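In what follows, every chain begins at residue 1, and chains take the letters A, B, ... in the order their sequences are listed. Note that the coordinates shown come from a computational prediction; the quantities given were computed from them, not determined experimentally.
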There are 2 protein chains.
Amino acid sequence: MSDTDTFLDELEALLGKPGLLRDSDAMARYVSDWAGESLGAPLAVARPASVEDVAEVVRRCNVRGIAMTPQGGHSGLVAGALPARDGQELVISLERLDRVRDIDPINFTMTVDAGCILENVKRAAWEHDCDFPLSLGAQGSCQIGGNIATNAGGLNVLRHGMMRELVLGLEVVLPDGRLWQNLTALHKDNRGYALQQLFMGSEGTLGIVTGAVLKLSPRPTQSRSALLGMPSVQAVVDLYSLARRDCCDLLTAFELIPRRCIELAMEATPSLIDPMDQPYPWYVLMEVAATGPIDLSALLEQLLEAGLERELVLDGALAASDAQAAQLWQFRESMLEGQRRRGEHLRTDLSVPISKIPAFVSEASDAIKALDAECEIIAYGHVGDGNLHFNLLPPPTMANEKKKAYLHALETRLFEVLDGFDGSISAEHGIGRTKREAYLERLAPTERELLEGIKTLFDPKGLMNPGRILPPR
Amino acid sequence: MSDTDTFLDELEALLGKPGLLRDSDAMARYVSDWAGESLGAPLAVARPASVEDVAEVVRRCNVRGIAMTPQGGHSGLVAGALPARDGQELVISLERLDRVRDIDPINFTMTVDAGCILENVKRAAWEHDCDFPLSLGAQGSCQIGGNIATNAGGLNVLRHGMMRELVLGLEVVLPDGRLWQNLTALHKDNRGYALQQLFMGSEGTLGIVTGAVLKLSPRPTQSRSALLGMPSVQAVVDLYSLARRDCCDLLTAFELIPRRCIELAMEATPSLIDPMDQPYPWYVLMEVAATGPIDLSALLEQLLEAGLERELVLDGALAASDAQAAQLWQFRESMLEGQRRRGEHLRTDLSVPISKIPAFVSEASDAIKALDAECEIIAYGHVGDGNLHFNLLPPPTMANEKKKAYLHALETRLFEVLDGFDGSISAEHGIGRTKREAYLERLAPTERELLEGIKTLFDPKGLMNPGRILPPR
């Protein structure tokens with residue numbers, strides 16, 4: 001019996017049969033994520049059911065020099081939570097830590113296990129007339145711990161901020177198995193360095209989040225959505241500026257959508273009907289939400305009027321009911337499915353200052369078209385965050401084996417253009433392994449030295465999610 | 001001529017005459033802060049006028065092993081930015097770095113030098129119909145760099161967050177004089193570890209902030225204030241819960257004020273008139289603000305009605321004009337002056353979960369009264385942040401020389417009670433030197449090890465603001 005077998009047997013004795021998966025069928029669902037193609041091979045999958053067990057598993061791995069991959073709901077897009085292909089990493093899944101520990105609606109906080117699925121956290125908050133305002137496509141499967149480790153964003157960032165603004169306290173198992181507990185429910189606390197901020201967005205490389213205190217908001221009692229036909233990206237940005245003022249910061253979403261996405265949505269969901277009498281080059285899908293006695297329809301109508309008058313808006317459809325609003329948002333969902341059906345393509349997650357969105361879309365489109373006029377550009381995103389998913393679809397006739405190199409060349413060119421706008425190659429998805437090289441190429445030496453120093457301070461053996469963000473030791 | 005004299009002569013040659021103060025009269029205003037009593041003695045005061053000069057001064061200090069005290073607008077309350085008494089620390093004042101570098105109202109950002117006074121930053125934003133929503137008593141003198149270094153809070157945190165939520169990018173001179181530049185204007189950026197979050201709130205111990213990109217909001221076009229008479233602290237907390245919902249997150253301030261503070265305010269400003277026909281044990285001073293077509297008066301009236309109906313509110317005065325509102329807020333200003341006139345007293349800056357405010361105020365008051373029934377308790381604060389300034393005034397008859405020991409004993413007892421509520425001894429003022437011992441007593445060994453490791457990583461020689469937060473090397 002090998003040392004590794006002994007180690008795994010001992011882990012199984014600690015965690016019980018359902019706590020350690022070693023069979024490749026059972027492990028199958030722990031080796032791929034939403035990006036799909038990135039398959040890994042774990043040493044085994046540990047599924048501890050308590051914080052103490054997470055700590056003990058980590059402690060043992062640290063002693064034995066075994067690398068660890070903390071894992072949430074498999075909805076990552078940069079291979080950050082997938083085990084490496086070498087079969088040497090132990091996956092530590094948080095899925096059995098799924099308790100809501102406590103809700104305090106007067107303090108507008110809740111304390112949860114890291115393995116809680118986002119949707120369940122939201123539902124638990126709703127029962128107390130509160131809301132946890134993180135809103136993602138993956139919310140039915142992603143876990144809070146993963147949201148924290150990746151500093152998740154999503155649709156409502158312009159109103160509520162990224163994950164780091166929605167967390168008050170954290171509980172983290174450090175790479176040596178010690179527990180760092182700071183489950184504070186304090187809204188204001190200025191003691192010492194902001195360690196919890198450092199853990200957030202560190203993609204599991206500094207420790208494993210096991211619990212958190214989340215900030216809640218009042219649950220909105222009303223919301224209104226509108227889809228607007230727009231002449232240009234510039235008009236979209238100008239309207240956003242107007243909307244932030246006229247809608248009194250009650251904006252919860254303001255999405256840029258190109259005509260092509262409306263078509264892709266209708267391809268994917270044939271029951272969807274073209275929302276306006278004629279097509280427009282760009283659309284805005286927006287939402288305002290409120291608690292209390294505010295006339296949201298009047299707000300939206302006034303904005304639409306101002307937009308029409310200034311010729312920013314060409315046409316608009318205000319949802320008259322929640323069902324109509326759901327139908328508008330169906331376009332946002334279905335356009336993603338429509339893209340997926342087109343097979344392998346380049347998904348990006350860029351950000352630029354909001355004011356530079358129009359120039360960036362124009363320059364980047366020109367640059368891509370100059371490389372290949374046949375490439376299809378699908379640029380949509382969250383205007384209020386300057387966050388664009390500037391995706392590129394190869395011509396339908398292209399042979400599959402050519403796509404990887406083709407898409408890589410396009411990405412390289414796109415990132416070059418982005419550099420000229422002081423943009424980010426990862427607005428919300430993180431770095432993981434997929435974007436590591438492009439990230440490191442752009443990293444200043446001073447910053448790299450500080451990041452490597454922090455990694456070494458927290459994880460001197462380099463065993464915690466190695467090779468994500470920074471190269472493995 | 002001593003080594004030190006040569007060093008200072010060389011600094012003067014670099015910075016020019018107005019760039020280096022060595023005369024004790026000229027240095028007088030750099031050795032005290034708002035807390036008043038904490039006087040230090042600097043080696044000299046450097047006043048570099050460019051980022052490059054800051055970096056060069058720091059580089060030279062690092063080489064020569066000279067300790068540095070970065071300094072903003074002298075409005076700190078924990079002796080964090082005051083030079084030590086040993087005359088060995090070089091004060092580096094940022095006051096000459098006071099340029100607004102750039103405003104981008106479409107991106108809702110502005111880029112500023114660290115030495116910009118908060119009030120001037122706000123004014124510059126207003127010119128573009130934007131607002132920088134940090135609001136402090138000290139805003140006429142405090143500087144942005146200090147606000148960042150201390151993660152400043154203030155009156156509007158419940159709506160806009162602490163300073164760390166209002167900053168997108170930073171520029172920092174590291175303790176060895178290298179420049180770390182991350183002046184990003186991106187609203188969303190998930191690349192690498194959150195170094196800028198680490199700098200924020202580190203009280204100048206990890207480097208000197210020289211510039212920042214700030215997040216702006218639309219400038220409110222209207223606001224309404226109200227002063228409400230309340231039966232109890234519990235009623236105040238219950239009303240807050242109602243207000244967050246009924247006022248649709250448009251609340252910008254929600255202050256708890258005890259009757260004694262209204263009296264202190266009227267003592268300090270005799271033109272103030274008791275705001276209601278009869279005194280109430282507690283008051284709420286609140287404000288809602290909005291852009292766009294929202295009827296704020298209706299919102300407040302409805303809240304007041306609901307509060308009266310549930311017997312949470314006993315009486316209310318809604319300001320009918322901006323002048324009336326200013327008069328209500330005059331109470332908040334004057335009550336501070338009223339306290340100051342009472343001479344040496346204990347100022348605290350505590351936080352507890354909002355839901356625990358009533359029990360904390362009650363238990364803490366009992367504990368203090370048990371020590372000395374003559375001690376006067378003045379507990380006010382920002383309800384939405386759970387932030388209480390639970391201040392203690394010695395009996396007027398007490399001899400001055402007895403006050404220090406008396407107040408220290410009270411503080412020790414108060415912090416003990418606070419520990420039982422999982423509270424913070426520093427909600428917004430930071431640790432500095434004044435609160436270091438009480439902070440370290442409560443610091444878990446694991447966390448201390450991580451903090452010391454971070455300090456050593458950034459500042460291996462321990463020269464940057466030594467002895468603040470952590471003990472000097």
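- The line from CG of A:L450 to OH of B:Y193 is 12.0 Å long, rounded to the nearest 0.5 Å.
- Listed for the A:R245 side chain is a donor-acceptor partner under 3.5 Å among the backbone atoms of B:D129.
- Of the listed residues B:G161, B:G423, B:P105, B:P220, the one with more heavy-atom pairs under 4.5 angstrom with chain A than any other is B:G423.
- Contact tally against chain A (heavy-atom pairs below 4.5 Å) for B:G201, B:P293, B:C247: the top residue is B:P293.
- For A:K215, the side chain to side chain contact (heavy atoms under 4.5 Å, CB included) partners are A:L168, A:H187, B:E165, not counting sequence neighbours.
- Residue B:L183: no heavy atom, backbone or side chain, is found under 4.5 Å from chain A.
- Both the backbone and the side chain of B:D385 come within less than 4.5 Å of a heavy atom of chain A.
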Would you please test A:L198 and B:Q197 for side-chain contact (heavy atoms from CB on, under 4.5 Å) and show each step? CA-CA 7 Å; A:L198 199 54; B:Q197 291 292 338; over 6 Å; no
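- Only the side chain of B:L186 comes within contact range of chain A, with heavy atoms under 4.5 Å apart.
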Residues B:D349, A:N190; criterion side-chain contact (heavy atoms from CB on, under 4.5 Å); working and verdict: CA-CA 10 Å; B:D349 169 41; A:N190 261 349; over 6 Å; no
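- Heavy-atom distances place the side chain of B:I294, and not its backbone, under 4.5 Å from chain A.
- Proximity to chain A (any heavy atom under 4.5 Å) is shown, for B:R244, by both the backbone and the side chain.
- Among B:S217, B:A289, B:P353, the residue making the largest number of heavy-atom pairs under 4.5 Å with chain A is B:P353.
- For B:G192 against A:I431, the heavy-atom pair with the smallest separation is N-CG1, 4.0 Å.
- Neither the backbone nor the side chain of A:K356 comes within less than 4.5 Å of any heavy atom of chain B.
- In this model, no donor atom of one side chain and acceptor atom of the other lie less than 3.5 Å apart for A:S426 and B:R191.
- Interface remark: of the candidates A:I469, A:L457, A:T109, A:L457 forms the most heavy-atom pairs closer than 4.5 Å to chain B.
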Before giving the answer on side-chain contact (heavy atoms from CB on, under 4.5 Å), spell out for B:T291 and A:D249 the whole-Å C-alpha distance, their side-chain angles and the decisive distance to 0.1 Å. CA-CA 8 Å; B:T291 53; A:D249 261 347; 5.7 Å; no
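- Of the listed residues (A:F458, A:F199, A:Y240), the one with the most heavy-atom contacts under 4.5 Å to chain B is A:F458.
- Looking at A:E428, both its backbone and its side chain come within 4.5 Å of chain B, counting heavy atoms on both sides.
- In this structure, chain B has a heavy atom under 4.5 Å from the side chain of A:L206, while its backbone stays farther away.
- The candidate from B:E203, B:Q181, B:K455, B:R468 with the greatest count of non-hydrogen atom pairs under 4.5 Å with chain A is B:K455.
- Heavy-atom minimum distance, B:N107 versus A:S355: CB-OG, 3.8 Å.
- With a 4.5 Å cut-off on non-hydrogen atoms, B:R164 touches chain A through its side chain but not through its backbone.
- A side-chain donor-acceptor contact under 3.5 Å links A:S351 to the backbone of B:K188.
- The candidate from A:H382, A:M162, A:R219 with the greatest count of non-hydrogen atom pairs under 4.5 Å with chain B is A:M162.
- B:S424 and A:D189 share a side-chain donor-acceptor pair at under 3.5 Å.
- Interface check for chain A: of the options B:T184, B:L195, B:L174, the most heavy-atom pairs under 4.5 Å are formed by B:L195.
- Scanning residues 439-449 of chain A against chain B with a 4.5 Å non-hydrogen threshold yields A:Y439, A:T446, A:E447, A:E449, sorted by number.
- Within the 4.5 angstrom heavy-atom criterion, atoms from both the backbone and the side chain of B:I454 approach chain A.
- Partners of A:Q234 under the side chain to side chain donor-acceptor pair (under 3.5 Å) rule, at least two apart in sequence or in another chain, are A:D238.
- Among the residues in residues 149-158 of chain B, those with a non-hydrogen atom closer than 4.5 angstrom to a non-hydrogen atom of chain A are B:T150, B:N151, B:G153, B:G154, B:V157.
- The two residues A:C248 and B:A290 have their closest heavy-atom pair at SG-CB, 3.3 Å.
- Proximity to chain B is limited to the backbone of A:D422, based on heavy atoms less than 4.5 angstrom apart.
- Using a 4.5 Å cut-off between heavy atoms, B:K435 makes no contact with chain A at all.
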